[in-house]
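First up is the structure itself, then whatever we jot down about it.
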Amino acid sequence: MTLKEEAYAIIDKLPDKVMEDVLKALKKTEANPRTWETPEQEQAREAKELEEKREAFLRLEEIRKEIQAMRKKDPSLIPDDYEEAYADALAEKYGVAK
């Protein structure tokens, strides 16, 4: 018995009250472009996504290194009280009272 035949057999046994949910799930799966990817396309997409994540990580690392270099050149950029600076940033961003 093929997978489709097995699925048809199960669907035939299901009551009508659950068929709407089954149909919605099938339509959602059909509409998803990843459903129609070949294994090679899926592997290429995943490799591309991984490369994009690596590039983003490397950009963040460069920014972190630049900030560290700036702090070494100008120690006044380092706040005296980190907790207070953090609380101020949260208050500014979210409007939270300290």
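As the structure is a computational prediction, the values presented were derived from the model and not from experiment. In what follows, every heavy atom counts, from backbone to side chain, and hydrogens, waters and symmetry copies are set aside.
E83 CD: 12 or fewer foreign heavy atoms inside a 6.0 Å radius. Shown here is Q43, whose CD atom has no more than 12 heavy atoms of other residues, nucleotides or ligands within 6.0 Å.
When hydrophobic clusters are built by joining Ile, Leu, Val, Met, Phe, Trp and Tyr residues whose side-chain heavy atoms come closer than 4.5 Å, directly or via intermediates, V18 is grouped together with L26.
Minimum interatomic distance between Q41 and W36 (heavy atoms only, all atoms of both residues): OE1-O, 3.9 Å.
Under the 4.0 Å criterion applied to side-chain N and carboxylate O atoms, R64 and E61 are assigned as salt-bridge partners.
To the nearest 0.5 Å, atoms OG1 (T38) and CD (E40) are separated by 4.5 Å. Put simply, CG on L58 and CD1 on I63 are 11.5 Å apart, with the number rounded to the nearest 0.5 Å. Here the straight-line distance linking atom OH of Y8 with atom CG of L3 works out to 11.5 Å at 0.5 Å rounding. Rounded to the nearest 0.5 angstrom, E52 CD and K48 NZ are separated by 5.5 Å.
Judged as a side-chain hydrogen bond (donor to acceptor under 3.5 Å, both in side chains), and not counting sequence neighbours, the contacts of R34 are E49. The salt bridge (Lys or Arg N to Asp or Glu O under 4.0 Å) search around R59 returns none, not counting sequence neighbours.
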Item to check | Working for side chain to side chain contact (heavy atoms under 4.5 Å, CB included), residues L14 and M19 | outcome: CA-CA 7 Å; L14 290 175; M19 287 309 297; 4.0 Å; yes
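In the hydrophobic clustering, L50 connects to no other residue, as no ILVMFWY side-chain heavy atoms lie under 4.5 Å from its own.
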